[in-house]
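Here the structure comes first, spelled out in C-alpha cells, and everything after it is commentary.
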Number of protein chains: 2
Amino acid sequence: MSDLLERLRGRGWRLTSQRRVVAEVLDGEHVHLTADEVHARAVDRLPEISRATVYNTLGEMVTLGEVLEVSTDGRAKRYDPNAHHAHQHLICSGCGAIRDVHPQGDPIAALPANERFGFVISGAEVTYRGLCPNCR
Amino acid sequence: MSDLLERLRGRGWRLTSQRRVVAEVLDGEHVHLTADEVHARAVDRLPEISRATVYNTLGEMVTLGEVLEVSTDGRAKRYDPNAHHAHQHLICSGCGAIRDVHPQGDPIAALPANERFGFVISGAEVTYRGLCPNCR
DNA sequence: TATTGACTTAGACAAAGTCCAAGATAGGAT
DNA sequence: ATCCTATCTTGGACTTTGTCTAAGTCAATA
C-alpha cells in the first residue's frame, strides 16, 4: 500500500477501493493533475468510480494535509501529492507545463512586520512564470 | 478620463461607454473584484451592459498588461488594477480578505539557475496565507 | 456474520466562463 | 456633417468545474 494510503488509514479513513485508486493515480504520476484528469485515470482502473467520489476524496486529502491544491491558471485546480516536501511551482506560459522548484530562503521571512497588518502568517506560495525550452 | 483608459486608448482601443464603466469600477474601488462583481457594479451605471462584455473587457485589460488576474482560492478570478506597482498578496484563510503587500527582495533572484530547467523566467507571484486580526 | 455509520453513486444543480450570430456604434474617410 | 465599416456589444446557448442530495452499498468492528 502506498505511504499516502497508510497515513490516511492511520487517521481513521476507511480503505475503499475508490480511495485506493485515487491514491494510486496521484502516486503513480508525479505530475499535477486536475480532478477530472484524476477521474479519467481512475476510471481506467475502476470503471464505475464516480466524479463526486474523486472530488470528495481529493478534497479530503487536501484537508488532511496529504495533498496540496495548486491554482495555476484560474481554471481547474490541480493536485500535488508532494505535500511533505516544501517546494514552489514554475509554470510555462506557453504550454502550461508545471515543474516543482526549490527557491533559496524562506519567502515568509521577506515580509516585514509592518507589511503583515496584524495577520498571523501561515504559509506562502510562490508561482514562477516563464517559457520552457520548447516554447521559447 | 482615468489613466487606465488613456493608456488603453493609446493602444488603439475604441472608447466605448461599456469600457469606460468597467475602467471606472476598477479604478473606483481599490479592492480585488471578481468579474461578476465588476459586472454588478457596472450595471448600476449602465444597466444594459452584458456579462460577456465585462468578461471580454477585463480579459483584454489583462492581455494588455493594465490589470492583473489574481487566483486567490481556485474559484472566481479577481482583477487587480494596480498592475504598474509591483506587489504581492496576503489572503485571510478565514474570511478571504486580500491585502496588497510588498515583500523585501526579488523572489526571482531566489531561484537558482539549476532550478530553472532552461525556462526564461518572466515573473513571480507570491501569495501569503494567514489569519487576519478579525479571524484570529 | 450481523450491524451500522461512513462511503459511493447517478444525476440534478450551481457557478464561472466562453462562444456565436445578429445588431449597434466609434472614429476615420468623404 | 454624414457615411462606412471594422470593431464592439448583446442575449442566450453552451461548456467546464465543482457541489449537493437521496438512496443504496460496504468496511470494520463486535
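So that the names make sense, note that chain A is the first sequence line, chain B the second, and so on, each numbered from 1.
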Side-chain-base donor-acceptor pair under 3.5 Å for B:R75 and C:dA16: no
By the definition side chain to side chain contact (heavy atoms under 4.5 Å, CB included), identify the one residue from B:V126, B:V101, B:D80 that meets it with B:H89. B:D80
With DNA chain D as reference, determine whether B:E48 or A:T34 sits nearer its 5' end, using the nearest nucleotide of each. B:E48
Provide, to the nearest angstrom, the distance between the CG atom belonging to A:L5 and the C1' atom belonging to C:dC7. 15 Å
Taking NZ from A:K77 and C1' from C:dA16, how many angstroms apart are they, rounded to a whole number? 13 Å
Output the single nucleotide from D:dA28, D:dT19, D:dT9 whose closest atom is nearest the side chain of B:T16. D:dT9
Spacing between B:N56 atom CG and D:dG11 atom P, to the nearest angstrom: 13 Å
What is the distance, to the nearest angstrom, from the NE2 atom on B:H39 to the P atom on C:dA16? 14 Å
Which of D:dA28, D:dG11, C:dT9 is nearest the side chain of A:L15? It is D:dA28
Value rounded to 0.5 Å, distance of CG in B:L58 from CZ in B:R78: 12.5 Å
Should A:W13 and A:M61 count as side-chain neighbours, where that means a heavy-atom distance under 4.5 Å? yes
Of the nucleotides C:dT8, D:dT10, C:dA10, which one has an atom closest to the side chain of A:T57? C:dT8
To the nearest angstrom, how far is A:R20 atom CZ from D:dA27 atom P? 10 Å
Tell me what B:R51 touches on the nucleic acid: a base, only sugar-phosphate, or nothing, going by heavy atoms under 4.0 Å. base
For B:R14 and D:dA6, is the shortest distance between a side-chain N/O and OP1 or OP2 below 4.0 Å? no
Using a cut-off of less than 4.0 Å, is there contact between a side-chain N or O of A:Q18 and OP1 or OP2 of C:dT9? yes
What distance separates A:E115 CD from B:H87 NE2, expressed to the nearest 0.5 Å? 11.0 Å
Out of C:dG17, C:dC19, C:dT8, minimum distance to the side chain of B:Y55 belongs to C:dG17
With rounding to the nearest 0.5 angstrom, report the CZ to CG distance, B:R41 to B:L26. 10.5 Å
5' priority, DNA chain C, between B:S17 and A:R19 [closest heavy atom]: A:R19
What's the CG-P distance between A:L33 and D:dG18, to the nearest Å? 13 Å
Establish, with yes or no, whether the OP1 or OP2 oxygen of C:dG27 is under 4.0 angstrom from a side-chain nitrogen or oxygen of B:R9. yes
Measure CH2/B:W13 against P/C:dG28 and give the value in whole Å, please. 17 Å
Can you tell me the distance, in whole Å, between the CD atom of A:E60 and the P atom of D:dG18? 16 Å
